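Have a look at the structure below, then the notes.
Predicted, not measured: the structure shown is a model, and the values here were computed from it. In listed order, ligands and their atoms are each counted from 1.
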Amino acid sequence: MTVSTQGSIHDVLVLPYLNHAIRMLESGYASAADIDNAMRFGCGYPQGPLATVDEIGASAVRDALLARFEETGDNLHKPAGLLTEIADGAGSFTAAAGDDVRPPQLRHTIEKIGVVGTGTMASGIVQVFAQAGYDVVFVGRSPEKVDGVVAGITRSLDKAIAKGRSDEETKAAVLGRLTGTTSRENLADADLVVEGIAEDLDIKTELFKDLDRITKAGAILATTTSSMPITELAKVTSRPGDVIGMHFFNPAPVMKLVEVVTTDLTSPEVDETVRALSAAVKKVPVSCGDRSGFIVNALLFPYLNDAVKLHEAGVAMDEIDATIKETAGFPMGPFELLDVVGNDVSLAIQSELRNEFGEPGFDPAALLIQKVQEGKLGRKTGEGFHTY
Ligand SMILES: CC(=O)CC(=O)SCCNC(=O)CCNC(=O)[C@H](O)C(C)(C)COP(=O)(O)OP(=O)(O)OC[C@H]1O[C@@H](n2cnc3c(N)ncnc32)[C@H](O)[C@@H]1OP(=O)(O)O
Ligand SMILES: NC(=O)C1=CN([C@@H]2O[C@H](COP(=O)(O)OP(=O)(O)OC[C@H]3O[C@@H](n4cnc5c(N)ncnc54)[C@H](OP(=O)(O)O)[C@@H]3O)[C@@H](O)[C@H]2O)C=CC1
C-alpha cells in the first residue's frame, strides 16, 4: 500500500485496531458494549471500534484487511475469525451488545477516600472524588507536592468559575473536602484507597504491603496502574479479595471511563462496589480481567506505535495527526496523544503488550525507544514528538 493519501494513512493505522478489537471480543475478554464504551469514554472517540465495523460493513473491513494481510503477511492484519463469520452471515457486532440491566450497588460503605501520589493521575483522581462530594485524604512525598495538588485543583475550579460553570461556594466546598498529608498513616480510616504512583512493580509492591498494614480491615485497595499485574499487588497483602484495578484516563477530571479490573482473587462485592462508586463519581465503568493493557491500552497503544512506524517510513507527523482527526474523528492525533501520556509510559505499555500477546508486529517502534533514551518524554519534559 502506498501511504500517500488520507485514505491509506487511515487504513494503515485504523484497520489493525478494528481487527484487534474483534479478536478481543472473540476471546471473551470483554463484552461488545464494554469494548465500545471503553474507547468512547476513555479516549473520546466518536464511537467504539465494533460500531465502526458495523458502520463500514464487516465485509468491507474484512476485504480491506485481507488485502493488507497479502501485502504484509503480518498476523495482526489477518481478519479475525469472528469478522469473517459476521461478514459471511450478514450479522452485526453491536446488535448483540446488551447493557447490564441491574445497576451495581455499593456493597461497602464508602465515605472517605484515600489517594496516594501527587502526579498527573493522582491529582486528577483527588479532584474527581472531591467534586463528587467525598472527603479525600491524599499522600505526597513532600509538603510542596501536597500543596501543588491543592493549587492545581484551585486553578481548575477558578477556570470553571470564569467560564460560568461553577461558583465560589462550590469551590470552597470542594477544597474543604481535601486533606493533604505526607504520612501514609493518615490513611488508617479510609474506606477505599486508590494509588497513582510511579509505574514500577517494586515501588507499588512496597506501597501495597504498607497500605495493608495501615488501612482498616475491609478497606478496598485500588490501583490506577496502566500495565502492572494487579494480581501481584493483591498477593503481597493479607486481603487479596479487597484489591482491584480502578484505571482512570488522562486527564482524569475530563475522561469519563474507569476500567474496573478484577483479578481471580477479587471478591464480587468489591467489584460491584467499585463499579457503583465509579458511577457515583459520574464515570462510566467497564469490566475486564487482569491482563496487560486491559481494554483501552491493548487497543490504543499498538495503533500509536504503528503511527510512529509510519512516520519512520517517511510520512510527516503533522500529516498523520491531521488525517486521523479528520478521517476517524479522534480528538487528538497519535503524536499529540503520545506527548500527553508520556513516551516512557507509552513504551512501558507497548513492551508489556509485546510480551503478553507475542506479536512481532507489537515490537516498540525504534523512534519511540530513542525518544525515551533522549529523555524526550512529552509535555512533561517540554519535548517529545513535538516541542512545548
Ligand atoms: C496511559 C493510560 O493508562 C490510559 C490513558 O489515559 S490513555 C489517554 C486517554 N486520553 C485521551 O485519549 C485524550 C483524548 N483527548 C481528548 O479527549 C480531548 O483532546 C481533551 C478532553 C483532553 C481536551 O479537549 P479539547 O476540547 O481539545 O480541549 P479543551 O477545550 O481545552 O478542554 C475540554 C475541557 O476539558 C478540560 N480540561 C482539559 N484538560 C484538563 C486537565 N488536564 N484537567 C482538568 N480539566 C481539563 C477543559 O478545562 C475543558 O473544560 P470545559 O469543557 O468545562 O471548558
Ligand atoms: N500518564 C497517563 O496518561 C496515565 C498513567 N496512569 C498510571 O498512573 C500512575 C501514575 O502515573 P502519572 O500520574 O502519569 O505519573 P507522574 O509521574 O505524574 O506521578 C508519579 C507519582 O509517583 C510518585 N512517586 C515516584 N516514585 C515514587 C516512590 N518511589 N514512592 C512513592 N511515590 C513515588 C511521584 O512523587 P514525586 O512527585 O514526589 O516524585 C508522583 O506523585 C502510573 O501507575 C501510571 O501507569 C494511568 C492512566 C493514565
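- Remark: distances from the non-hydrogen atoms of Lys380 to ligand 2 are all 4.0 Å or more.
- Judged by the shortest distance from any of its heavy atoms, Phe248 lies inside the 4.0 Å radius around the atoms of ligand 2.
- Protein heavy atom nearest atom 9 (C) of ligand 1, with residue, atom name and distance: Gly42 O, 3.3 Å.
- Applying the 4.0 Å criterion to heavy atoms of His247 picks out, from ligand 1, the atoms 2 (C), 3 (O), 4 (C).
- Close approach of ligand 2 to Thr224 is summarised as follows: ligand atoms under 4.0 Å from at least one heavy atom of the residue are 6 (N), 7 (C), 8 (O), 46 (C).
- Atom numbering of ligand 2 starts at 1 in the shown order; those under 4.0 Å from a heavy atom of Ile203 are 28 (C), 29 (N), 30 (N).
- Contacts between Arg141 and ligand 2 below 4.0 angstrom, taking non-hydrogen atoms only, involve the side chain exclusively.
- Atoms of ligand 2 found under 4.0 Å from any heavy atom of Gly196 (numbered from 1 in listed order, with element): 9 (C), 10 (C), 21 (C).
- Contacts of His247 with ligand 2, taken as heavy-atom pairs under 4.0 Å, involve the side chain alone.
- For ligand 2, the atoms lying closer than 4.0 Å to a non-hydrogen atom of Ser226 are 5 (C), 6 (N), 7 (C), 44 (C), 45 (O), 46 (C), 47 (C).
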Handout entry: Test salt bridge (Lys or Arg N to Asp or Glu O under 4.0 Å) applied to Asp363 and Arg354, step by step
Key = CA-CA 6 Å; Asp363 278 342; Arg354 173 65 175 90; 2.5 Å; yes

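- Remark: among candidates Ile125, Asp210, Ile197, Leu377, the nearest residue to atom 9 (C) of ligand 2 is Ile197, based on non-hydrogen atoms.
- Looking from atom 19 (O) of ligand 1 to the surrounding protein, the closest heavy atom is Met332 CE, 3.4 Å.
- Looking at atom 35 (O) of ligand 1, its nearest protein heavy atom turns out to be Val254 CG2, 3.4 Å.
- For Pro251, every heavy-atom contact with ligand 1 shorter than 4.0 Å involves the side chain, none the backbone.
- Of the protein's non-hydrogen atoms, Asn250 ND2, 3.0 Å is the one closest to atom 3 (O) of ligand 2.
- The protein non-hydrogen atom at the shortest distance from atom 18 (C) of ligand 1 is Pro331 CB, 4.1 Å.
- The protein heavy atom nearest to atom 1 (N) of ligand 2 is Val341 O, 3.4 Å.
- Protein heavy atoms all stay at least 4.0 Å away from atom 29 (P) of ligand 1.
- For the residues Thr120, Asp202, Thr223, Thr118, the heavy atom positioned nearest atom 14 (O) of ligand 2 is part of Thr120.
- The nearest heavy-atom contact from the protein to atom 54 (O) of ligand 1 is Lys163 NZ, 2.4 Å.
- Residue contacts with ligand 1 leave out Glu336, since none of its heavy atoms falls under 4.0 Å from the ligand.
- For Gly342, the heavy-atom gap to ligand 2 stays at 4.0 angstrom or more.
- The protein heavy-atom contact nearest to atom 1 (C) of ligand 1 is Val341 CG1, 3.7 Å.
- Nearest protein heavy-atom contact of atom 5 (C) of ligand 1 is Phe249 CD2, 3.4 Å.
- Here the CD1 atom belonging to Ile214 is positioned 4.0 Å from the CG atom belonging to Asp210, to the nearest 0.5 angstrom.
- Within the structure, ring-ring contact (aromatic ring centres under 6.0 Å, His included) contacts touching residues 233-261 (residues at least two apart or in different chains) are His247-Phe249, His247-Phe294.
- At distances below 3.5 Å, not a single donor-acceptor pair connects side-chain atoms of Gln350 with backbone N or O atoms of Asn305.
- Inclusion of Ala198 in the set of residues having an N or O under 3.5 Å from an N or O of ligand 2 is warranted.
- From the protein, the heavy atom lying nearest to atom 53 (O) of ligand 1 is Arg165 NH1, 2.4 Å.
- Of the heavy atoms in Leu300, only side-chain atoms (C-beta onward) come closer than 4.0 Å to ligand 1.
- Of the polar atoms of Asn297, at least one N or O is found under 3.5 Å from an N or O of ligand 1, judged by distance alone.
- Ligand 1 lies out of reach of Ala160, whose nearest heavy atom is not under 4.0 Å from it.
- Contact annotation for Lys204 and ligand 2: only side-chain heavy atoms (C-beta onward) come within less than 4.0 Å of the ligand.
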